[in-house]
Amino acid sequence: MLEIKNLSVNIKDKTILQDLNLTIKDGEVHVLMGLNGTGKSTLVKAISGHFDCEVTQGSIQYNKKELLKLDASQRANEGIFMSFQNPVEIPGVNNNYFLKSALNEKRQYQKQTPLNAAEFIKYIKEITSKYNIDNAILKRDVNDGFSGGEKKRNEILQLLTLKPDFIMLDEIDSGLDIDALKIVANSVNSLLDGKRSLLMITHYERLLDFIKPDFVHILSGGKIIKTGDYSLALEIEKNGYEAFGVSHDS
Ligand code: ADP
Ligand code: MG
């Protein structure tokens with residue numbers, strides 16, 4: 001599904017990722033871990049086409065298409081999704097309108113007829129009732145005045161609305177209580193049909209109790225320095241990163 005080769009990314013003239021390689025196949029669940037500030041968010045932002053990132057080298061192929069030639073909205077319409085570590089508040093933009101526009105943009109791009117207002121209401125209410133999400137969230141402006149947990153749940157509502165093929169979740173578990181975490185994990189798991197792939201960033205092994213990874217990667221010095229299975233996350237949780245030669249001073 002995704003093949004990243006020799007990727008180097010600058011943010012404001014500072015090199016954050018250097019010569020990074022990563023392959024994600026259909027249906028796989030990958031976890032990216034690493035110290036604060038190592039570039040985990042930078043990687044998912046670079047894949048989604050975020051304006052912060054300047055790609056100076058390499059390629060990102062998605063289903064054999066070069067993503068670097070597409071802008072962020074084209075990538076989203078192709079089926080790529082990123083939930084923000086810090087979701088942005090957009091006062092003045094109604095959440096229902098926002099979700100409907102995003103879905104219809106994607107439908108049009110994929111040559112499907114857009115949903116009208118009534119069809120969309122039916123579509124979104126099926127989702128909110130299936131996943132126990134309060135419909136009040138639809139009437140509010142996007143993330144405006146939302147608590148940290150509500151913002152994360154709104155990212156999940158976007159995910160469930162768009163049903164992307166390649167899902168990236170940046171610290172979706174941060175700030176969630178255990179009940180909210182279970183709802184988030186259930187939502188994500190319900191989309192994992194063996195074809196969709198998932199790349200998630202987390203600091204905590206707790207999330208991986210609910211969403212089982214195939215691969216766990218450690219990012220350091222702009223590259224993936226170690227790849228393992230679930231047991232690598234357990235090892236990190238127990239011993240920290242120092243055992244892998246990673247420290248805050250490096
Ligand atoms: P992580 O997600 O691993 O904690 P990030 O990818 O967010 O790390 O950040 C990597 C580095 O890039 C950090 O040193 C961070 O301060 C810097 N950085 C990220 N975004 C910006 C920005 N918009 N302006 C300046 N520096 C940034
Ligand atoms: Mg981050």
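It should be emphasised that the depicted structure is a prediction, and the values quoted were computed from it without experimental measurement. Counting starts at 1 for both ligands and their atoms, in listed order. This chain uses plain numbering: 1 for the first residue, then up along the sequence.
Taking 4.0 Å as the cut-off between side-chain N and carboxylate O, Arg196 and Asp193 count as a salt-bridged pair. Comment: Lys195 does not engage Asp26 in a salt bridge, judged by the lack of any side-chain N to carboxylate O separation of less than 4.0 angstrom. Lys151 and Glu89 are joined by a salt bridge, as a carboxylate oxygen and a charged side-chain nitrogen come within less than 4.0 angstrom of each other.
Proximity to Lys14 (heavy-atom distance under 4.0 Å) selects the following atoms of ligand 1: 14 (O). Short contacts between ligand 1 and Asp52, defined as distances under 4.0 Å to a heavy atom of the residue, involve ligand atoms 23 (N). Every atom of ligand 1 with a heavy atom of Asn36 under 4.0 Å away is listed here by number and element: 4 (O). Less than 4.0 angstrom separates some heavy atom of Thr42 from each of these atoms of ligand 1: 5 (P), 6 (O), 9 (O), 10 (C).
Ligand 1 lies less than 4.0 angstrom from a heavy atom belonging to Gly39.
What sits closest to atom 13 (C) of ligand 1 on the protein, heavy atoms only, is Gly37 O, 3.7 Å. Protein heavy atom at the shortest distance from atom 19 (C) of ligand 1 is Ile11 CD1, 3.7 Å. Of the protein's heavy atoms, Ser41 CB, 3.6 Å lies nearest to atom 7 (O) of ligand 1.
Of the possible donor and acceptor atoms, one in the side chain of Thr161 sits under 3.5 Å from a partner among the backbone N and O of Leu157. Side chain of Glu105 to backbone of Ala102: no donor-acceptor contact under 3.5 angstrom is found. Not a single donor-acceptor pair under 3.5 Å links the side chain of Asn95 to the backbone N or O of Val142. Listed for the Asn96 side chain is no donor-acceptor partner under 3.5 Å among the backbone atoms of Lys139.
Residue Thr42 does not count as close to the Mg ion (ligand 2), with no N, O or S atom under 2.8 Å. Residue Asn36: no N/O/S atom is found under 2.8 Å from the Mg ion (ligand 2).
For the side-chain hydrogen bond (donor to acceptor under 3.5 Å, both in side chains) with Gln57, the qualifying choice from Asn6, Thr15, Asp19 is Asp19, the only one to do so.
Of the N or O atoms in Ile16, none lie within a sub-3.5 Å distance of an N or O in ligand 1.
Contacts between Lys12 and ligand 1 below 4.0 angstrom, taking non-hydrogen atoms only, involve the side chain exclusively.
Contact annotation for atom 16 (O) of ligand 1: protein absent (non-hydrogen atoms, distance under 4.0 Å). Within the 4.0 angstrom cut-off, atom 22 (C) of ligand 1 has one or more protein heavy-atom neighbours.
Ring geometry, His50 versus Phe84: the interplanar angle exceeds 60°, so the pair is classed perpendicular (tilted spans 30 to 60°).
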